[in-house]
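Everything below concerns the one structure shown next.
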Amino acid sequence: MGKSIMFAAGVLAAGALTACNSNSGKVQEEILSIEPTRIIFETDMGNDVDDALAMDMLFKYIDSEKIDLLGISTNKRDDGSLEYIDALTTWYGYPDIPLGYVENGVDSRGGENYAYKAMQVKDKNGNPAFAESHSSDGFAIPSVELYRRLLSEQPDSSVTVVSVGFSTNLAALLDSKSDSISPLTGRELVGKKVKSLVVMAGNIINPQHSEFNVNRDIPAAQKVFGEWPNEIIVSPWELGEEIKYPASSIENDFNWTEIHPVVEGYKAFMPMPYDRQTWDLTAVLYAVEGPEGYFTVSEPGTITVNDNGGTIWTDDPNGRMHYLKCDKQQQDNILKHFIGLITSKPKNK
């Protein structure tokens, strides 16, 4: 009987251990599910002010511990773009975020852009209003190297890449070879480490429209849409076109600070007052908060980029791509959320 009791006790203990392991697994899954989203942000900062508004959102998401912003990569061939990004990371209190710059980048809108103009703003004492954390030389590394370093350090299928500019860096990443950073090729590294690519690009309802982010580097866009090995979520031109950030907010909702780098960039981009489309903001919103209450996600399909920069959508149940769309109520929800988030005071101010 003693052996029977011992056996029964062993069975109970084993059962308890199994239950414990099972519960532990569930707890671990729950913990993982609430970890901050790992994001790499890819931007053509300086071409349109929606990039600056989108970056404000990212800093607020860091404040609320919703994301871990691993790095910022610029695909605009322009030193002013990097300097403004450096100033933004400094002003919001995150100067250590690593930065990457495009190599062999395509020409885009020229040097007299809002990023340059914002960096010329002076404070009341006549000094530059927005400090940089780094010197102008050597504070960033080539974007492909940045991606390879960051991705190689992350858990598998954990990184969301948010691209709101040209595809130049992403195409070069796919083409990159194994090196001292990782034995994997770029395509293998993306396939192993990236969860999804959320991209503002293209026009689904009018495939003849050669959208700016696509047409500035059509071969790169063709490569990314043709060869990216995992999920792509597209926030198309027509979505952000219908949701405009109001000039009245820029003029009235930032009284909590004497001077603000995004507000100054907004005022420098075009003569005030003007409402501006929220193309890039929609991509960031989906990447961090998902579709709930904001977006309808299409059925799966594929996008083909033609030689004119048009984006042709084809339904495909086996496709790895989706695009976002909104009804009027969702648009209203999104705009209200944008204004509330962007006008809120950063944690470090």
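Sequence positions, counted from 1, serve as the residue numbers for this chain.
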Apply the test ring pair (Phe, Tyr, Trp, His ring centres under 6.0 Å) to residues F130 and Y84: give CA-CA distance (whole Å), side-chain angles for both, the deciding distance (0.1 Å), then the verdict.
CA-CA 9 Å; F130 308 117; Y84 184 60; 7.7 Å; no
I'd like to know whether Y61 forms a side chain to side chain donor-acceptor pair (under 3.5 Å) with E289, so could you lay out the CA-CA distance, the side-chain angles of the two residues, the decisive distance to 0.1 Å, and finally the verdict.
CA-CA 10 Å; Y61 286 137; E289 302 197 42; 2.5 Å; yes
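Aromatic ring orientation, F59 versus Y92: parallel (interplanar angle below 30°, classes split at 30° and 60°). Relative ring orientation between W256 and F254 is described as tilted, the plane-to-plane angle lying within the 30° to 60° band. Aromatic ring pairs are classed by plane angle as parallel below 30°, tilted from 30° to 60° and perpendicular above 60°; the pair H260 and W91 is tilted.
Here the closest heavy-atom approach between residue V144 and residue L173 is recorded as CG2-N, 3.9 Å. Across all non-hydrogen atoms, the minimal contact from P95 to S133 is CB-OG, 3.1 Å. Summarising the geometry of P98 relative to L146, their closest heavy-atom pair is CB-CD1, 3.8 Å, with the distance given to 0.1 Å. Closest non-hydrogen pair, L82 versus G100, comes out as CD2-O, 3.9 Å. Between V194 and W228, the shortest heavy-atom contact is CG1-CZ2, 4.2 Å. Residues K193 and Q154 approach most closely at NZ-O, 2.7 Å, considering heavy atoms.
With contacts defined as side-chain heavy-atom distances shorter than 4.5 Å, the pair D48/R276 qualifies. Counting only heavy atoms from C-beta outward, the side chains of D280 and T282 never approach each other to under 4.5 Å. Side chains of C326 and E242 form no contact here, defined as non-hydrogen atoms less than 4.5 Å apart. Put simply, the side chain of L58 reaches to within 4.5 Å of the side chain of V284, judged on heavy atoms. Using a 4.5 Å heavy-atom cutoff, the side chains of Y116 and D78 are in contact.
With sequence neighbours left out, the side chain to side chain contact (heavy atoms under 4.5 Å, CB included) criterion links D175 to K223. Every residue two or more places apart in sequence or in another chain that forms a side chain to side chain contact (heavy atoms under 4.5 Å, CB included) with L335 is listed here: I243, P246, I339. Residues satisfying the salt bridge (Lys or Arg N to Asp or Glu O under 4.0 Å) criterion with D316, sequence neighbours excluded, are absent altogether. Remark: T185 engages E188 in a side chain to side chain donor-acceptor pair (under 3.5 Å) (not counting sequence neighbours). Evaluation of the ring pair (Phe, Tyr, Trp, His ring centres under 6.0 Å) rule for Y323 yields W313 as partners, not counting sequence neighbours.
Residue pairs meeting the ring-ring contact (aromatic ring centres under 6.0 Å, His included) criterion with at least one member in residues 329-349, sequence neighbours excluded, are Y294-H337.
Within 6.0 Å of the NZ atom in K244, the count of heavy atoms belonging to other residues, nucleotides or ligands exceeds 12. Around atom CG of N127, more than 12 heavy atoms belonging to other residues, nucleotides or ligands sit under 6.0 Å away. For K347, the NZ atom is densely surrounded, since the number of other residues' heavy atoms within 6.0 Å is greater than 12. Summarising the local packing, CD of E65 is surrounded by 12 or fewer heavy atoms from other residues, nucleotides or ligands at distances under 6.0 Å.
No continuous path of hydrophobic side-chain contacts links V199 to V102 [ILVMFWY only; heavy atoms under 4.5 Å]. F225 and I205 end up in different hydrophobic clusters when Ile, Leu, Val, Met, Phe, Trp and Tyr side chains are linked at under 4.5 Å. Follow the hydrophobic side-chain contacts under 4.5 Å out from L184 and you never reach I181; the two are in separate clusters.
Looking at N306, its side chain never comes within 3.5 Å of a backbone N or O of I312 through a donor-acceptor pair. Between the side chain of K60 and the backbone N or O of I342 there is at least one donor-acceptor pair closer than 3.5 Å. Under the 3.5 Å distance criterion, the side-chain polar atoms of S81 are matched with a main-chain donor or acceptor of M45. The backbone N or O of N203 sits nowhere less than 3.5 Å from a side-chain atom of H209 that would complete a donor-acceptor pair. Side chain of S210 to main chain of N308: a donor-acceptor pair is present (N/O by atom type, distance under 3.5 Å, no hydrogens or angles). The main-chain N or O of R77 is never found under 3.5 Å from a side-chain atom of Y101 such that the two would form a donor-acceptor pair. Checked by atom type and distance alone, the side chain of E231 never pairs as donor or acceptor with a backbone atom of R320 at under 3.5 Å. Of the possible donor and acceptor atoms, none in the side chain of D217 sits under 3.5 Å from a partner among the backbone N and O of V214.
In this model, a donor atom of one side chain and an acceptor atom of the other lie less than 3.5 Å apart for S249 and D253. With 3.5 Å as the limit, one finds a donor-acceptor pair spanning the side chains of N169 and S73. Between T90 and E132, the side chains place no donor N or O within less than 3.5 Å of an acceptor N or O (distance only, hydrogens not considered). In this structure, a donor-acceptor pair under 3.5 Å is absent between the side chains of T160 and T37. Between the side chains of D51 and T43, a donor-acceptor pair is found at a separation under 3.5 Å. A donor atom on one side chain and an acceptor atom on the other are found under 3.5 Å apart for D63 and Y94. Side chains of S182 and S152: a donor-acceptor N/O pair is absent below 3.5 angstrom, by distance only. Side-chain polar atoms of E241 and Q277 form a donor-acceptor pair below 3.5 angstrom. A side-chain donor-acceptor contact under 3.5 Å links D44 and N47.
Using a 4.0 Å cut-off between charged side-chain N and carboxylate O, D179 and R148 make a salt bridge. A salt bridge between K192 and D156 is present, with a side-chain N of the basic residue lying under 4.0 Å from a carboxylate O of the acidic one.
Screening T89, I40, V162, I39 for a side chain to side chain contact (heavy atoms under 4.5 Å, CB included) involving L69 leaves a single residue, I39. Among the candidates T168, T74, N75, the single residue satisfying the side chain to side chain donor-acceptor pair (under 3.5 Å) test with E42 is N75. Screening K336, Q330, Q329 for a side chain to side chain donor-acceptor pair (under 3.5 Å) with N333, the sole residue that qualifies is Q329.
The structure places CG of D50 at 11.0 Å from CE of M57, a figure rounded to the nearest 0.5 Å. Between the CG atom of N230 and the CZ atom of R187 there is a distance of 9.0 Å, given to the nearest 0.5 Å. Distance check: W237 CH2 to N213 CG gives 12.5 Å after rounding to the nearest 0.5 Å. Atom-to-atom distance recorded for E238:CD and K325:NZ is 10.5 Å, nearest 0.5 angstrom. For the atom pair OG (S167) and CD (Q222), the distance works out to 10.0 Å, reported to the nearest 0.5 Å. Note: F41 CZ to M55 CE = 5.0 Å, rounded to the nearest 0.5 Å.
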